[in-house]
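Okay, so here's the structure we're looking at.
Lettering follows sequence order; numbering is per chain, from 1.
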Amino acid sequence: MSSNKLFDEFLDAKPIFENKEVLRPSYTPEYLPHRDEQVSRLASILVAALRGESPSNILIYGKTGTGKTAAAKYVGKELEAKGEEVERACSVIYINCEVVDTQYRILAQIAQHFDQDVPMTGWPTDRVYEKFVEAVDRRHQVVTIMLDEIDQMIEKSGDDILYNLSRVNGELRRAKVSIIGISNDLRFTETLDPRVKSSLGEEEIIFPPYDASQLRDILEQRAGKAFFDNSLAEGTIPLCAAKAAKEHGDARRALDLLRVAGELAEQGDRAAVVDEKHVERAQNKIEMNCVVEAVKKLPCQTQAVLFATILLDESRGRKLTTGEVYETYRRVCQHIDMDVLTQRRVTDLISELDMLGILNVRVVSKGRYGRTKEISLSVPRDEIKSVLLDVYRLEPLRRFSLPKQSRF
DNA sequence: ATTCCACAGGAAGCGACGGCCC
DNA sequence: GGGCCGTCGCTTCCTGTGGAAT
């Protein structure tokens, strides 16, 4: 094929996406459908900042994809803008605690926001704290600190940072600080110091999951900007919404589905419209990605068990038993020079794979022939096999095959 | 009705490891 | 820094069991 033809083919295809970024989780829309209540609640609390008072601290709860971060960022942006308008300095600092996950780094981040020079590492924490206080207190202002994924950080580094932040107002002469904590986990305050808990949770806002029709509205709103006119089939958005509603009303999932469906249509099929078939395929693709990630992260022994199951599945073509899997697992381990665990342990590993949805396991009785687990794969065999073969420890298994006598 | 297979899965305990407290 | 505790991954030992075969 000549090279000019090669490109022509793709160039001619009518693009579907006008602006794909709109469908990404990082995008903050200027209106959040079905979040008016939460947004105005936030605004009613934060308005204190515009009067130069410090707003109550807020805790925001909700599962992934319920619009917590988007709502908080949106209100934060509006607050800063309004502050400028009425000449009250309001700063909003957004920190994702999954990335910035220690007391030191959070304080350093805030200090840097106010142009203080703090190295990313090296200083004692109390010196960073002083810099932070100095930076914030340099002028009359209300500083709102948003700590996203706060539950993750508490798990890793404790609640000292929250304690320090919540009492910093006592040291400030000009400025005032308020905190917004955003959490996926409804019960994370249980582990907090009671003092921190009461000061942080002065106000609590809950973001419930979206239902299918709300998800539809969200998708409609974004799709208008993301896609060119008439590039979505009628059933596409409702299907994405319905699928995501089943998964705890996760808007991020709904947007992912729509985006991936669009990509499949545009690149794979070079179709003019995104239809329901693309959504189905998008769902498979997304799920497949999750499974691949899960398999890669499995402990080595569990991967070996899974590999043994795959090999047997290839050669038997029927449901397997614990004994068969264990025997094969032993051979696999010997081939890659790995410790062989006991059968007792391996049955537990098999059960774990079942719980992860990678295997299908049922306990059945074969009468005279004993009681065993009936094991089958619930993921695509060949894809997962090649994923496993890319794992360093399992690499030598590329040249491994079952001994003949066990083929029967 | 009894036997007996091929395991399931509970109990206890062991060693390694990390966090914490004095 | 050393003693203590909880947790994790694992082994050892064990009792229990559904139902085809007898």
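- Each of A:Gly370 and A:Thr322 was assigned the nucleotide of DNA chain B with the nearest heavy atom; the assignment lying further toward the 5' end belongs to A:Gly370.
- In this structure, A:Tyr369 atom OH and B:dT3 atom P are separated by 19 Å, rounded to whole Å.
- Between the A:Asn360 side chain and the A:Leu377 main chain, no donor and acceptor come within less than 3.5 Å of each other.
- Among C:dT11, C:dC10, C:dA21, the nucleotide with an atom closest to any side-chain atom of A:Gln301 is C:dC10.
- A donor-acceptor pair under 3.5 Å is absent between the side-chain atoms of A:Glu374 and the main chain of A:Val361, judged by distance alone.
- A salt bridge links A:Arg259 with A:Glu263; the closest basic N to acidic carboxylate O contact falls under 4.0 Å.
- At distances below 3.5 Å, not a single donor-acceptor pair connects side-chain atoms of A:Gln303 with backbone N or O atoms of A:Val391.
- Following rounding to the nearest Å, A:Tyr329 (OH) and B:dC7 (P) show an atom-to-atom distance of 16 Å.
- Residues of residues 348-367 of chain A that place a heavy atom closer than 4.0 Å to DNA chain B, in numerical order, are A:Val363, A:Gly367.
- Checking C:dA20, B:dC7, B:dG10 against every side-chain atom of A:Gln343, the shortest atom distance belongs to B:dC7.
- The distance between atom CZ of A:Arg345 and atom P of B:dG15, rounded to the nearest whole Å, is 18 Å.
- Across the protein-nucleic acid pair, A:Glu374 atom CD and B:dA8 atom P stand 12 Å apart, rounded to whole Å.
- The base of B:dG9 lies close enough to the side chain of A:Arg344 for a donor and an acceptor atom to sit less than 3.5 Å apart.
- Remark: A:Arg173 CZ is loosely packed, at most 12 non-hydrogen atoms of other residues, nucleotides or ligands lying under 6.0 Å away.
- With rounding to whole Å, A:Leu341 atom CG is found 11 Å from C:dT12 atom P.
- Under the 6.0 Å cut-off for aromatic ring centres, A:Phe227 and A:Phe17 qualify, their centroids lying closer than that.
- Side-chain N/O atoms of A:Thr347 include none lying less than 4.0 angstrom from OP1 or OP2 on B:dG9.
- Note on A:Arg368: every side-chain N or O is 4.0 Å or more away from OP1 and OP2 of C:dA21.
- Not a single donor-acceptor pair under 3.5 Å links the side chain of A:Tyr61 to the backbone N or O of A:Lys68.
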